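Report on the structure given below.
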There are 2 protein chains.
Amino acid sequence: MVSIVSVAKVAGVSNKTVSRVINGEPYVTEETRERVERAIRDLGYVPNMAARQIRSSRSNTFGIIADYVSTTPYSVDIVRGIQDWANANGKTILMANTGGASEQEIKIWKMFQSHRIDGVLYVTMYHRIVDPETGDVGIPTVMINCRPRTSELLPSIEPDDYQGAQNLTRYLLERGHRKIGYIRLNPILLGAELRLDAFRKTTGDFGLAESDLSIRLGMEGPVGAEKNYVFAAATEMLQQKDRPTAIMSGNDEMAIQVYIAAMAMGLRIPEDVSIVGFDDFRTVSLALRPELTTAALPYYDLGLQGAELLNSVVAGSEVCPSSRVMSCNLVERLSVCSL
Amino acid sequence: MVSIVSVAKVAGVSNKTVSRVINGEPYVTEETRERVERAIRDLGYVPNMAARQIRSSRSNTFGIIADYVSTTPYSVDIVRGIQDWANANGKTILMANTGGASEQEIKIWKMFQSHRIDGVLYVTMYHRIVDPETGDVGIPTVMINCRPRTSELLPSIEPDDYQGAQNLTRYLLERGHRKIGYIRLNPILLGAELRLDAFRKTTGDFGLAESDLSIRLGMEGPVGAEKNYVFAAATEMLQQKDRPTAIMSGNDEMAIQVYIAAMAMGLRIPEDVSIVGFDDFRTVSLALRPELTTAALPYYDLGLQGAELLNSVVAGSEVCPSSRVMSCNLVERLSVCSL
DNA sequence: CAGACGCATGACAACGTCGACATATTTTTC
DNA sequence: GAAAAATATGTCGACGTTGTCATGCGTCTG
């Protein structure tokens, strides 16, 4: 393999001078620099990261440890955000999935250690509370889309489910809807409670009574084996004599069944019933007809900001473990009409 | 940082002996081995991969270079398959996305080189033909879900779109359907032609005439900015006086709109019209009501087998660049009825 | 014009690991 | 019971890089 030494030989300088050129250090004549650069090009030399790391004990590598993230349609944008940041900042990304198994998780932390990772991004598929099995490794860590149960205060970046749901609810209220249905997310998800709270609070603030609301559970059970009541819940909701004029679906995926339930009863969307989702899971939100009005989970930015934050933590410039929250912008499409 | 030397000091042996214990080499007394292992545990020692690599010039690392893979709901299972294989076989995975930009691609190959990657898995989101910008790096490469345009004959692993579509078509024919509609995938995808061919050929073999078929284009245009005609195409197809009793949708995502189009016309699924998809993109196929009968793209296995194949290529045991094809199993659900 | 300074370059060691080889100890063999 | 073989452990150097320090040379200052 071509190393710094071969380059030095060809360029007729010492290896240290080559090193200087590579790292853009000062005190190299323009003429020498050019000779070295030519040699590098001619030999196709590429610096060896492993050697660098061993010398400097910094790997310039971040690890992503994810539960099912890279595995599922959802939230892969988090990973994309991280990768884009890494690419732009010359960092390398090592990625691993636990698949939910905690022995896996321990193994992965070991692996990260053995690569002398600078920091870890702990990412979850759904917004939730976790118990990271860090194995007391002491690698700087930032949580993305989740929050540690224990008070060990790792910095985290999360979506603002509350604000997103509040916006959606307001959007419906401002368009004259006064009977509104809500299909609840799986209660094990952190977003479930936040979104429901926002829905209740916001409708309450607008003067709606509990009897104006129609709230049903759409899903429950462990991730990957949940029971799905959405279709039944939506059907039942729409069969009431005093049926809601708008339904807020816990997320976009569930909205598919709300659409189908409504259409099976001969209701037109949005003329007879307005529907909103949550997440802006575009494979769904853009595929539905009419396209779905929803609140966009800021997955990409979650990843970008998370990497950024981790970087400052590693650099030591971030002292107190801060938790940031990112807003969920409303994406207006065609599934809601004004009354 | 705790290194092999500190362990040796604590255990009262030479560093080479520690190395022997770590690598399970013979010629170590049981007693010594235990003493060393205790020291390792006590100090929390973890071997330094970079040092290992520099010593052995093997990184035990594979790189994944993907177009948009980790980025999209689709095909992320390929990555999961690769990761699971890597995890089981003690390899590390470095992952990068081009986002479709070829300067990015060159940059990524450079990065891979600098990490002295053992091999590369070139993965695409959609089944298609590509021109990999390997930059003549000469790292062993396996293509997954795609095939190089040039004849440079890199080994590849691809899904068997033809066989999958054949199975789906037969399935419909065997259940008595004789008027069948087909909504075509974006023609830029390799699967589009294969699936359509299989559909035509199989219906032909069963004695159906071209006039029994109703074929419409569902999508076209560049990835990420395609024009979507699915809803219109399905609507038009079903408005024909001699409308098809079954519709084959180019993929599951498109099936959402076929469902909605049918329901908007008051048709029941599957009583009035049967529908099948392709891909088994479960967020969709399981969310639809009735659940969608489809052919499963073997994404996970594509990844698993790809990693396995790359491994043998790297080890040099695979001489001729072989191309494998993996079958798409039919997943029977409830969206088809027998006539 | 001597000393000080700035610039350009090189020599060398060290990072953590393991392969090659050497040495020491025990066991087997005839 | 001595030589041969097998087992157990250690010494040393090399991998590719960069930080530290040293050196050589030209220029400026007073």
Side-chain angles (χ1 to χ4, degrees), chain A residues 1-40 43-61 90 92 110-118, chain B residues 1-40 43-61 90 92 110-118:
Chain A
M1 198 68 223
V2 34
S3 79
I4 216 169
V5 184
S6 13
V7 175
K9 220 169 280 172
V10 169
V13 296
S14 77
N15 37 12
K16 177 66 220 198
T17 300
V18 177
S19 169
R20 271 190 267 261
V21 172
I22 296 165
N23 298 298
E25 289 174 35
Y27 303 137
V28 182
T29 341
E30 193 49 42
E31 191 254 327
T32 311
R33 164 163 282 120
E34 269 164 25
R35 224 169 52 245
V36 171
E37 275 166 356
R38 151 157 306 118
I40 290 178
L43 295 172
Y45 165 78
V46 178
N48 183 324
M49 287 305 176
R52 242 181 215 182
Q53 194 228 100
I54 223 187
R55 189 67 247 282
S56 62
S57 68
R58 287 298 259 29
S59 61
N60 265 297
T61 301
T92 304
K110 273 261 152 60
M111 191 263 276
F112 281 173
Q113 273 187 89
S114 79
H115 283 278
R116 304 296 190 265
I117 294 265
D118 294 332
Chain B
M1 198 69 220
V2 36
S3 81
I4 218 171
V5 184
S6 12
V7 175
K9 220 168 279 173
V10 170
V13 297
S14 78
N15 39 10
K16 179 67 223 202
T17 300
V18 177
S19 170
R20 270 189 267 263
V21 172
I22 296 166
N23 297 301
E25 287 174 34
Y27 305 136
V28 182
T29 341
E30 193 49 42
E31 192 253 324
T32 311
R33 165 163 280 119
E34 270 165 23
R35 222 166 57 242
V36 171
E37 275 166 355
R38 150 157 307 118
I40 289 178
L43 295 171
Y45 166 77
V46 178
N48 183 326
M49 287 305 177
R52 253 186 205 176
Q53 195 227 99
I54 223 186
R55 187 69 246 285
S56 62
S57 68
R58 288 295 263 31
S59 62
N60 264 298
T61 301
T92 304
K110 273 262 153 57
M111 191 263 277
F112 281 173
Q113 273 188 91
S114 79
H115 283 278
R116 303 299 190 264
I117 294 267
D118 294 332

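We use all heavy atoms of the structure for the numbers below, so side chains are in, but hydrogens, waters and symmetry mates are not. Just so it is clear: chains get the letters A, B, ... in the order the sequence lines come, proteins before strands, and each one is counted from 1. Owing to the predicted nature of the structure, the values given are computational and were not obtained by experimental measurement.
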Nearest-nucleotide 5' precedence on DNA chain D, B:S56 against B:R20: B:R20
Between B:H115 and A:T92, a side-chain donor and acceptor under 3.5 Å: yes
Rounded interatomic separation in angstrom, taking [atom1] from [X] and [atom2] from [N]:
X: B:N15; N: D:dT11; atom1: CG; atom2: P; value: 8 Å
X: A:R58; N: D:dG16; atom1: CZ; atom2: C1'; value: 19 Å
X: A:K16; N: D:dG24; atom1: NZ; atom2: P; value: 19 Å
X: B:N23; N: D:dT9; atom1: CG; atom2: P; value: 16 Å
X: B:R55; N: D:dC12; atom1: CZ; atom2: P; value: 16 Å
X: B:E25; N: D:dA8; atom1: CD; atom2: P; value: 13 Å
X: B:I54; N: D:dT17; atom1: CD1; atom2: P; value: 8 Å

Positions of residues 26-36 of chain B (non-hydrogen atom under 4.0 Å from DNA chain D), listed by number: B:Y27, B:V28, B:T29, B:T32
Below 4.0 Å: OP1/OP2 of D:dG10 and any side-chain N or O of B:T17: yes
A:R52 side-chain N/O to D:dT18 phosphate OP1/OP2 under 4.0 Å: yes
For chain A, the stretch of DNA chain C it reaches, first to last nucleotide, under 4.0 Å of its heavy atoms: C:dC7 to C:dG16
Check: [Y] and [X] side chains under 4.5 Å, non-hydrogen atoms:
X: B:I40; Y: B:I22; value: yes
X: A:N48; Y: A:S3; value: no
X: B:T29; Y: B:R35; value: no

Distance (rounded to the nearest 0.5 Å) between B:R116 CZ and B:N60 CG: 15.5 Å
Pairwise distance CZ(B:R20) to OG1(B:T17) - rounded to 0.5 angstrom: 5.0 Å
Contact summary for B:A39 and B:V10, nearest pair of heavy atoms: CB-CG1, 3.8 Å
Heavy-atom closest contact (B:S114 atom, A:P47 atom, distance): CB-O, 3.0 Å
Salt bridge (charged side-chain N to carboxylate O under 4.0 Å, His left out) assessment of B:R38 paired with B:E34: CA-CA 6 Å; B:R38 150 157 307 118; B:E34 270 165 23; over 6 Å; no
